[in-house]
Colleague: 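Would you mind keeping the following structure in view while I ask a few things?
For this chain, numbers begin at 1 and follow the sequence in order.
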Amino acid sequence: MLKVKLMNKIAKVGTDVLSSKGYEIGEGVENEDAIMVRSAALHDKEFSKNLRAIARCGAGVNNIPVERCTKEGIVVFNTPGANANAVKELAIAALILASRDVLGGVKWVETLSGQTDVAKKVEAGKSAFVGHELAGKTLGVIGLGAIGGMVANAAVSLGMSVMGYDPYITAKAAWSLAPSVRQAADYADIFSHCDYISLHVPATPQTKNMICKKTIAQMKDGVRLLNLSRADLVNAEDVKAALKEKKMAAYVTDFPTDETAGAEGVIAIPHLGASTVESEDHCAIMAAQQLDEFLRCGNIRNSVNFPTVGLPQSEKTRVCIMNRNVPNMLSQITSAFSSQNVNIENLANGSKGEIAYTIVETNEVAGEEILEKLSAIEGVFGIRIFA
């Protein structure tokens, strides 16, 4: 029986996908074949020797030791796009909160509780909360993946002029953008032209502190910054200084920290981007389906450390091979089969950086001789057989 350990509370519609197929699944599972996780930190966790995969119910994987997993042949999945609509809707709210002091106004009205002539006092005092409209302003979207693209399109619908920049944009993402979304030449183009800037990129060593004193200096005076991606993208002290100096009018973040919680000019949301019933359901179902497909037949979809490789499930013997992406590897793999006079019926191969993955199907049993030859190939570090 395949076992899946839950590191967080996972939506039941997702766990039902696995339990209905005979998996043992729960928080108390031991010697697990896979892990499902949301935000729990796994960097210090000692993994089961049986562990083959980790599925993150969400997009970010900074709570998972991806590099260690790759070395140990553990496939790390995420669920890109499953929570995109939820985050997009929060981004719309963030745009409005950054433009109009709705929160300040609501808090002020609460102070009028128990007083008389509240309506009259509201009319007299509301001018303190005058804000700005979004229509006609320019939004810069950095990162045009599933979420960023939806935010860009939504902003167009709100009457905003939108610029986008993503050096890694896919053809599919580009086709999904509204025709009026303009392509920025680089980050500096966004910084210098936009009234609002929304960040939708992963936290990596390259993106850490991408918003800092140097880049803020390139921005328009009174810029409003939205960060619904990760706290590490922004140097909090530099942003606070910009808010104090009125260089920046507002900073809305979904990732409060010790530095930003309660800071003047900061609107800190308690990580609600994907916190909708619908989003949690979508992420859980997608993560469960990806785990099931990998554990039962070796197909890989939406992995952050292994390539997307798959073949339709069949009755044939299937051998899945993890290996370094080096020259002559595929020919060595196929030679291991041909040397034993075993015909390859189907083959799929892909690579992602330094890692490659190959699925070989044959009508014959993969004997010990083939496995020995595959294991002897320098650079092969994982073999699974489905018969």
Side-chain angles (χ1 to χ4, degrees), residues 1-8 10 18 23-80 202-205 287-310 318-326 329-330 332-333 336 348-360 366 371-386:
M1 178 185 291
L2 292 167
K3 300 180 180 182
V4 178
K5 186 178 184 67
L6 305 181
M7 299 301 298
N8 294 102
I10 306 297
L18 298 175
Y23 286 79
E24 180 183 345
I25 182 166
E27 295 182 4
V29 168
E30 297 180 352
N31 299 317
E32 64 273 10
D33 300 283
I35 287 173
M36 290 183 77
V37 63
R38 291 176 62 196
S39 58
L42 302 184
H43 288 278
D44 297 326
K45 179 175 174 56
E46 184 176 341
F47 295 137
S48 158
K49 292 181 179 179
N50 297 331
L51 190 68
R52 299 184 183 279
I54 298 172
R56 163 76 165 94
C57 298
V61 292
N62 56 316
N63 58 322
I64 300 171
V66 176
E67 186 175 345
R68 172 159 69 102
C69 288
T70 305
K71 290 178 180 178
E72 296 179 17
I74 299 168
V75 180
V76 178
F77 297 95
N78 66 350
T79 57
T204 67
Q289 290 173 338
Q290 290 169 178
L291 276 183
D292 179 57
E293 192 174 357
F294 174 68
L295 292 174
R296 290 193 180 276
C297 67
N299 288 343
I300 296 178
R301 288 187 296 122
N302 295 322
S303 170
V304 300
N305 60 339
F306 280 80
T308 295
V309 181
R318 178 177 292 210
V319 182
C320 300
I321 303 142
M322 296 176 172
N323 57 272
R324 299 294 169 190
N325 184 25
V326 295
M329 181 60 74
L330 193 56
Q332 293 184 76
I333 290 173
N349 170 268
S351 63
K352 189 169 198 166
E354 298 178 352
I355 301 299
Y357 187 70
T358 304
I359 300 175
V360 176
L371 297 183
E372 288 176 4
K373 286 184 176 294
L374 290 172
S375 299
I377 299 172
E378 186 176 355
V380 169
F381 60 92
I383 303 172
R384 292 178 68 200
I385 298 176
F386 301 87

Colleague: Give a yes or no on whether the backbone of Asn31 and the side-chain of Asn50 come within a donor-acceptor separation of less than 3.5 Å.
Modeller: yes
Colleague: Are side-chain N/O atoms of Asp33 and Tyr23 paired as donor and acceptor at under 3.5 Å?
Modeller: no
Colleague: Any luck finding a side-chain donor-acceptor pair between Asn349 and Thr358 under 3.5 Å?
Modeller: yes
Colleague: Identify all side-chain donor-acceptor contacts of residues 371-386 below 3.5 Å with residues at least two apart in sequence or on another chain.
Modeller:
residue: Ser375; atom: OG; partner: Leu371; partner atom: O; Å: 2.8
residue: Arg384; atom: NH1; partner: Phe294; partner atom: O; Å: 3.1
residue: Arg384; atom: NH2; partner: Leu295; partner atom: O; Å: 3.0

Colleague: Is there side-chain contact between Asp292 and Leu18, with heavy atoms separated by less than 4.5 Å?
Modeller: yes
Colleague: Within the distance-only criterion (no hydrogens, no angle test), does the side chain of Lys3 pair as donor or acceptor with the backbone N or O of Glu24 below 3.5 angstrom?
Modeller: no
Colleague: Which residues pass the side-chain hydrogen bond (donor to acceptor under 3.5 Å, both in side chains) test with Ser351, sequence neighbours left out?
Modeller: none
Colleague: Less than 4.5 Å apart, side chain to side chain, heavy atoms only: is that true for Glu67 and Lys71?
Modeller: yes
Colleague: Would a distance-only check, ignoring hydrogens and angles, find a side-chain to backbone donor-acceptor pair under 3.5 Å from Asn325 to Gly353?
Modeller: yes
Colleague: Taking the side chain as C-beta and beyond, is there a heavy-atom pair between Lys5 and Leu51 under 4.5 Å?
Modeller: no
Colleague: Rounded to the nearest 0.5 Å, what separates atom CZ in Phe306 from atom OG1 in Thr70?
Modeller: 5.5 Å
Colleague: State, yes or no, whether a side-chain contact exists between Val76 and Arg56 at a heavy-atom distance under 4.5 Å.
Modeller: no
Colleague: Taking it one step at a time, do Asn78 and Asn302 satisfy side-chain contact (heavy atoms from CB on, under 4.5 Å)?
Modeller: CA-CA 6 Å; Asn78 66 350; Asn302 295 322; 4.1 Å; yes
Colleague: Distance-only, no hydrogens or angles: does the Asn323 side chain make a donor-acceptor pair with backbone N or O of Leu330 under 3.5 Å?
Modeller: no
Colleague: Between atom CD of Gln290 and atom CD1 of Ile300, what is the distance when rounded to the nearest 0.5 Å?
Modeller: 11.0 Å
Colleague: Does some side-chain heavy atom of Ile25 sit less than 4.5 Å from a side-chain heavy atom of Leu6?
Modeller: yes
Colleague: Which donor-acceptor pairs under 3.5 Å do side chains of residues 35-46 form with protein atoms, sequence neighbours excluded?
Modeller:
residue: Arg38; atom: NH2; partner: Glu280; partner atom: OE2; Å: 3.2
residue: His43; atom: NE2; partner: Asn62; partner atom: O; Å: 2.8

Colleague: Determine whether a donor-acceptor pair (N or O, by modelled atom type, separation under 3.5 Å) exists between the side chain of Ser303 and the backbone of Phe77.
Modeller: no
Colleague: Between Arg318 and Asn299, is any pair of side-chain heavy atoms under 4.5 Å apart?
Modeller: yes
Colleague: Show the nearest heavy-atom pair for residues Ala55 and Leu291, with the distance to one decimal.
Modeller: CB-CG, 3.6 Å
Colleague: For Cys69 and Ile54, which heavy atoms make the closest approach, and how far apart are they?
Modeller: SG-CD1, 3.8 Å
Colleague: What is the minimum heavy-atom distance between Ala287 and Cys57, and which atoms define it?
Modeller: CB-SG, 3.8 Å
Colleague: Would you indicate whether the side-chain heavy atoms of Ile355 and Asn305 approach each other to under 4.5 Å?
Modeller: no
